[in-house]
Amino acid sequence: DTAVSQTPKYLVTQMGNDKSIKCEQNLGHDTMYWYKQDSKKFLKIMFSYNNKELIINETVPNRFSPKSPDKAHLNLHINSLELGDSAVYFCASSKAVSEGGDTQYFGPGTRLTVL
Amino acid sequence: KQEVTQIPAALSVPEGENLVLNCSFTDSAIYNLQWFRQDPGKGLTSLLLIQSSQREQTSGRLNASLDKSSGRSTLYIAASQPGDSATYLCAVKGSARQLTFGSGTQLTVLP
């Protein structure tokens, strides 16, 4: 049973295109996240989202937008793709955005290459 | 702004050795600290989570400590095995309720 799944695993596209990455979790978690891991392997939070609150990292361009059709899904839409968007994107989920011990569970990642 | 640093960036040890990975963070106002493992081409696996009120957590051959006041954590791996080879990431959850990651330590355990 896959806890957090992402599709596609690889995505190669041209600059200027619009693309989406899908994420699903079957853990019954309340909160989902998107992270970007750049070529230097640094992981940075992009969004955290539950059904009440969206928290956006201030450095994320507004070309990126999360869309959640239901609690188990958080998709990432990217408009007007740029070369610098090439990276590995990870989805994650946790029980709640709480102050305490909420372990995050990660998906396998989507490697995006913009040509 | 929270910054997380991990030293060393890479480490190579022979099988059976005990080893310590280090993590430091600049803002001590954290809710918890987590250690993750990342295998090449794969996602992250949570190893240990230490809440801000705790000093350490143990799971099998792994022991993580937290000294919040000095902004430091260590991950101790006992009797290392080739299967432990991976990148180990430290992350802290701060006032923004989001994780800030270090750049990782790439561990290679030689058979």
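Numbers restart at 1 for each chain; the letters A, B, ... are given by sequence-line order, proteins then strands.
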Practice task
Go through Q34(B), Q54(B), Q98(B) and name the one with the most non-hydrogen pairs under 4.5 angstrom from chain A.
Solution key: Q98(B)
Fill in the blank from the handout: Q38(B) and F90(A) have their tightest heavy-atom pair at NE2-CZ, 3.4 Å
Practice task
Considering non-hydrogen atoms only, spot the tightest contact between G102(B) and F42(A) and give its length.
Solution key: C-CE2, 4.0 Å
Fill in the blank from the handout: Honestly, the part of Q37(A) sitting under 4.5 Å from a heavy atom of chain B is side chain
Handout entry: Residue Y35(A) versus chain B: region with a heavy atom under 4.5 Å
Key = side chain
Review item, side-chain donor-acceptor pairs of residues 3-22 of chain B, under 3.5 Å, at least two apart:
unit_1: Q6(B); atom_1: OE1; unit_2: C90(B); atom_2: N; d: 2.9
unit_1: Q6(B); atom_1: OE1; unit_2: G104(B); atom_2: N; d: 3.1
unit_1: Q6(B); atom_1: NE2; unit_2: Y88(B); atom_2: O; d: 3.0
unit_1: N18(B); atom_1: OD1; unit_2: A79(B); atom_2: N; d: 2.8
unit_1: N18(B); atom_1: ND2; unit_2: Y76(B); atom_2: OH; d: 3.4

Could you state whether [X] and [Y] fall into the same hydrophobic cluster, counting links through intermediate Ile, Leu, Val, Met, Phe, Trp or Tyr residues with side-chain heavy atoms under 4.5 angstrom apart?
X: I77(B); Y: L44(B); answer: no
X: L33(B); Y: Y31(B); answer: no
X: M46(A); Y: L54(A); answer: yes
X: I21(A); Y: L115(A); answer: no

Practice task
Report the distance from atom CG of L43(A) to atom OG1 of T100(B), rounding to the nearest 0.5 Å.
Solution key: 11.0 Å
Handout entry: Within-4.5 Å side-chain heavy-atom neighbours: I45(A) and L99(B)
Key = no
Exercise for the section: Measure distances from I50(B) to the heavy atoms of chain A and classify the residue's part below 4.5 Å as side chain, backbone, both or neither. Expected result: neither
Practice task
Just grab all the ring-ring contact (aromatic ring centres under 6.0 Å, His included) pairs involving residues 35-64 of chain B, residues at least two apart or on different chains.
Solution key: F106(A)-F36(B), F36(B)-F101(B)
